[in-house]
Protein chains: 2
Amino acid sequence: MSKRSSVTLKGLAQELGLSPSTVSRVLNDAAGEESRWASPETSRRILALAHEVGYAKNPYAASLRTARSRLIGVVVPRLQDYVLATIYEGIDEAAAEHGYVAVVANSLDNPDSHEARVRKLMDRRIDGLILGDTPFDGSTLTAIEGEGVPFVLVNRRSPGYPSVTCNDYLGGQLAGEHLAGLGMERIFLLAGKDRMSTSIDRTAGFTERLAEHGIHVPAEHIATGGFDAEAGEEATRRLLDTVGVPDALFAVNDFAAIGALGVLAERGLSVPDDVRIVGYNDTPLASGVGLTTVRSPMHQIGRQGLELLLERMDGKDVESRQLDPELVVRTSA
Amino acid sequence: MSKRSSVTLKGLAQELGLSPSTVSRVLNDAAGEESRWASPETSRRILALAHEVGYAKNPYAASLRTARSRLIGVVVPRLQDYVLATIYEGIDEAAAEHGYVAVVANSLDNPDSHEARVRKLMDRRIDGLILGDTPFDGSTLTAIEGEGVPFVLVNRRSPGYPSVTCNDYLGGQLAGEHLAGLGMERIFLLAGKDRMSTSIDRTAGFTERLAEHGIHVPAEHIATGGFDAEAGEEATRRLLDTVGVPDALFAVNDFAAIGALGVLAERGLSVPDDVRIVGYNDTPLASGVGLTTVRSPMHQIGRQGLELLLERMDGKDVESRQLDPELVVRTSA
DNA sequence: TCGATTGCCACAAACGTTTGTGTAAAGTGA
DNA sequence: TCACTTTACACAAACGTTTGTGGCAATCGA
């Protein structure tokens, strides 16, 4: 396994008494030994030697020549977030299957940081870009459009751009239906960041479905903020302090729901007896704490995001995809 | 912002009436306008035009020439794991500061997958490698050594290799001391994966400190398994079923601790009244559920890991670093 | 039988940098 | 003043691929 990085195409060709061009064509032909670029015998010799010495093509030379990097960039708010990490895993997995490698960057949902990260990826000459941090209004997208790099959105959608997301409106409806079915009336809603489609759609689906059951969620019962446990705690505390104890609470994110769980326990309120809770995403911890939640196909969102991007890179025009979530009922509601 | 990818060094030079060599030297000189490669006036013109047209060097041409990619590879068991995601954030952040970009891959703690991922990174001609998935016996390292790519370990150590880790032995001691101080005697230990230094060291520190207090943790009170919530649940259930209810439980990972929390609740056991629990890492959820835990400097481990790698890449010989954890006491113990 | 096709391969240019070397002009010291 | 160093650049080769073009022999069709 010695320094295979030092053996070049030219070296191989010399060793074989062939020209680099022939070796290159055979090695790049998916047909392998049946390559139409050389005789079967020659093809076999090329493949054999390449394998024997562990030849690995220099991707920089290739990219320089072809002007394609086989790199795809991914930007997410934070990799620490289980949801995005899982989506990224899906992207990475699918990218590998297609011979691409994914490079990821955190934008922290901060426009300046986003801009800097995207620029850095562009400088690396990525062939395509997957954005996981786009607000509903698409405001971070204008600069990217001019660059000529194909991109798609994942997790969060923005009208007019191709994206693959969970059908969050449906997810919200599922949660609403469940709580309505349980006879809940006074309901809190931890709505997450109000500029993101995940929040907007889940909230809309939830409240509208409840409305169909004659249940109204007043504005003072809705708290916006973040998607993490801390934000969930804060929001719950605030709601509890200002409007008292509800029948139930829907958090558009499991982590926020778990934060709420903690605060409720701290106040001596029992779940589900005093308050019922439903979360969103079905992260592993949800099952640990018995949280009823809406399962979103995170891994699939990533995989399909990559595939959608590939199609766009092929010049096809594509349309957005919405993947259906399902409700998983546990002990919290 | 139009297609800055199309403006080349040669183009710049032509525009300026200079040779590409001069432009290249000035642009690469950290001294900026005071570059010793051209007159101040010329330097200024170069920088100005480069900025104006948004010139971005083609990294492939540069890498081809220099045989350095300014890419560093990172392999972790799973990015879904909050701990590793945070370490990676630290690596990524530090890498960016030093002009490198980090590329991450998941090995899933599977040797075959590990091998494949490392190879793929090597094929990309990374300048250095950071491994976050190395077992204590270093068995995954042998193939890498021959490749001539400098590497360091993070999070998990292995004797004889440079690494930056949490001082896990100390962390175990902290937990042991705390529980001993509380008068606990019958203690369960969720030890994680038994081939990893994180498990080994935390377990050793914990049991040895308890031993100093005259407390013995018998083998039947120790469960090995994984680091996640599910593994924590399983292990706890098993221990509860076979040896009854303990005074306290130490999990070498917060997620396992949270899993334990769930099972205890499910059995009607109260925390901390019936059973006290301490976890490890201080992940955000820990504060949400009031978990007493050992805080490990994850982000710092990542940052210092990158810096250690840089030193190794400089040819210096380096020694491993251990960062001190601290106990954070909440309501669970 | 002859012209056309096909199979198999080599030549050489190009991708955009970096860097060793060369060279005039300007500056320096004695 | 002269020998010298320094300043400020230019020239050109090289990094390792990919790919358009071209050529020669064998095969084919009629």
Side-chain angles (χ1 to χ4, degrees), chain A residues 3-31 33-47 50 53-71 99 122-125 127, chain B residues 3-31 33-47 49-50 53-71 99 123-125 127:
Chain A
K3 317 218 118 241
R4 70 181 188 287
S5 47
S6 60
V7 32
T8 88
L9 194 60
K10 203 185 302 181
L12 276 187
Q14 208 151 1
E15 189 83 13
L16 291 159
L18 292 169
S19 105
S21 53
T22 305
V23 180
S24 169
R25 290 190 235 253
V26 171
L27 253 21
N28 285 328
D29 192 331
E33 309 220 345
E34 281 78 41
S35 156
R36 63 196 194 83
W37 295 108
S39 70
E41 164 64 9
T42 305
S43 296
R44 214 171 306 121
R45 284 177 55 226
I46 293 176
L47 268 345
V53 302
Y55 168 74
K57 101 166 63 175
N58 184 318
Y60 302 112
S63 286
L64 177 56
R65 174 64 226 246
T66 60
R68 298 191 328 154
S69 62
R70 302 203 76 83
L71 239 42
M122 295 286 198
D123 287 351
R124 278 277 158 182
R125 302 292 208 272
D127 291 341
Chain B
K3 317 220 119 237
R4 69 181 187 287
S5 47
S6 60
V7 34
T8 89
L9 196 58
K10 204 185 301 181
L12 275 190
Q14 208 149 3
E15 188 84 11
L16 290 159
L18 293 169
S19 105
S21 53
T22 304
V23 179
S24 169
R25 289 191 236 253
V26 170
L27 252 22
N28 284 327
D29 192 332
E33 309 220 343
E34 279 79 40
S35 155
R36 61 194 196 81
W37 294 108
S39 69
E41 165 62 12
T42 304
S43 296
R44 214 171 305 123
R45 285 177 55 225
I46 294 176
L47 268 344
L49 183 63
V53 302
Y55 168 73
K57 99 166 63 175
N58 184 317
Y60 302 112
S63 286
L64 176 57
R65 173 64 226 245
T66 60
R68 299 193 325 155
S69 61
R70 301 203 76 83
L71 238 44
D123 287 351
R124 278 275 158 184
R125 302 290 208 272
D127 291 340

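Computed from heavy atoms alone, side chains included, the values below leave out hydrogens, waters and symmetry copies. Here is the naming used below: chain letters follow the sequence lines, and residue numbers restart at 1 for every chain.
Contact annotation: A:Thr66 does not reach the phosphate of D:dT19 (side-chain N/O to OP1 or OP2, under 4.0 Å). At the phosphate of D:dA10, OP1 or OP2 sits under 4.0 Å from a side-chain N or O atom of B:Ser19. The phosphate of C:dC9 (OP1 or OP2) has a side-chain N or O of A:Thr42 nearer than 4.0 angstrom. Distances shown here put every side-chain N or O of B:Ser24 at or beyond 4.0 Å from the OP1 or OP2 atom of C:dT17. Under 4.0 angstrom from either OP1 or OP2 of C:dC9 there lies at least one side-chain N or O belonging to A:Ser39. Taking side-chain N and O atoms only, B:Tyr55 has a distance below 4.0 Å to OP1 or OP2 of C:dT17.
In this structure, A:Asn58 and A:Thr8 have side chains that are not in contact, with every pair of non-hydrogen atoms separated by 4.5 Å or more. No side-chain heavy atom of B:Thr22 sits under 4.5 Å from any side-chain heavy atom of B:Leu16.
Across B:Trp37 and B:Arg25, no two heavy atoms sit closer than the pair CE3-CD, 3.3 Å. The two residues B:Arg125 and A:Pro59 come nearest to each other via the heavy atoms CG-CD, 3.9 Å.
Across the protein-nucleic acid pair, B:Leu18 atom CG and D:dA10 atom C1' stand 10 Å apart, rounded to whole Å. Put simply, CZ on A:Arg125 is 7 Å from P on C:dT17, counting in whole angstrom units. Atom CG in B:Leu64 sits about 12 Å away from atom P in C:dT17, given to the nearest Å. Here C:dT17 presents its P atom at 13 Å from CD of B:Gln14, a figure rounded to the nearest Å. Nucleotide D:dT17 holds its P atom 17 Å from the CZ atom of A:Arg68, rounded to whole Å. Between A:Lys10 atom NZ and C:dA13 atom P the separation is 14 Å, expressed in whole Å. Across the protein-nucleic acid pair, B:Asp29 atom CG and D:dC9 atom P stand 14 Å apart, rounded to whole Å. Distance CG (B:Asn58) to C1' (C:dG16): 6 Å, rounded to an integer number of Å.
Under the side chain to side chain contact (heavy atoms under 4.5 Å, CB included) criterion, B:Ser24 pairs with B:Leu9, B:Asn28, not counting sequence neighbours. Residues passing the side chain to side chain contact (heavy atoms under 4.5 Å, CB included) test with A:Arg44 are A:Glu33, A:Pro40, A:Glu41, sequence neighbours excluded.
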Might you list the N or O atoms of the protein lying below 3.5 Å from N or O atoms in nucleotides 20-28 of chain D, with each pair's distance?
from, atom 1, to, atom 2, distance (Å)
D:dG20, O6, A:Arg25, NH2, 2.3

Assess whether side-chain contact (heavy atoms from CB on, under 4.5 Å) is satisfied between B:Thr42 and B:Leu18, documenting all intermediate values. CA-CA 9 Å; B:Thr42 304; B:Leu18 293 169; 3.6 Å; yes
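For the pair B:Ala61 and B:Gly17, both in contact range of DNA chain D, the more 5′-proximal nearest nucleotide belongs to B:Gly17.
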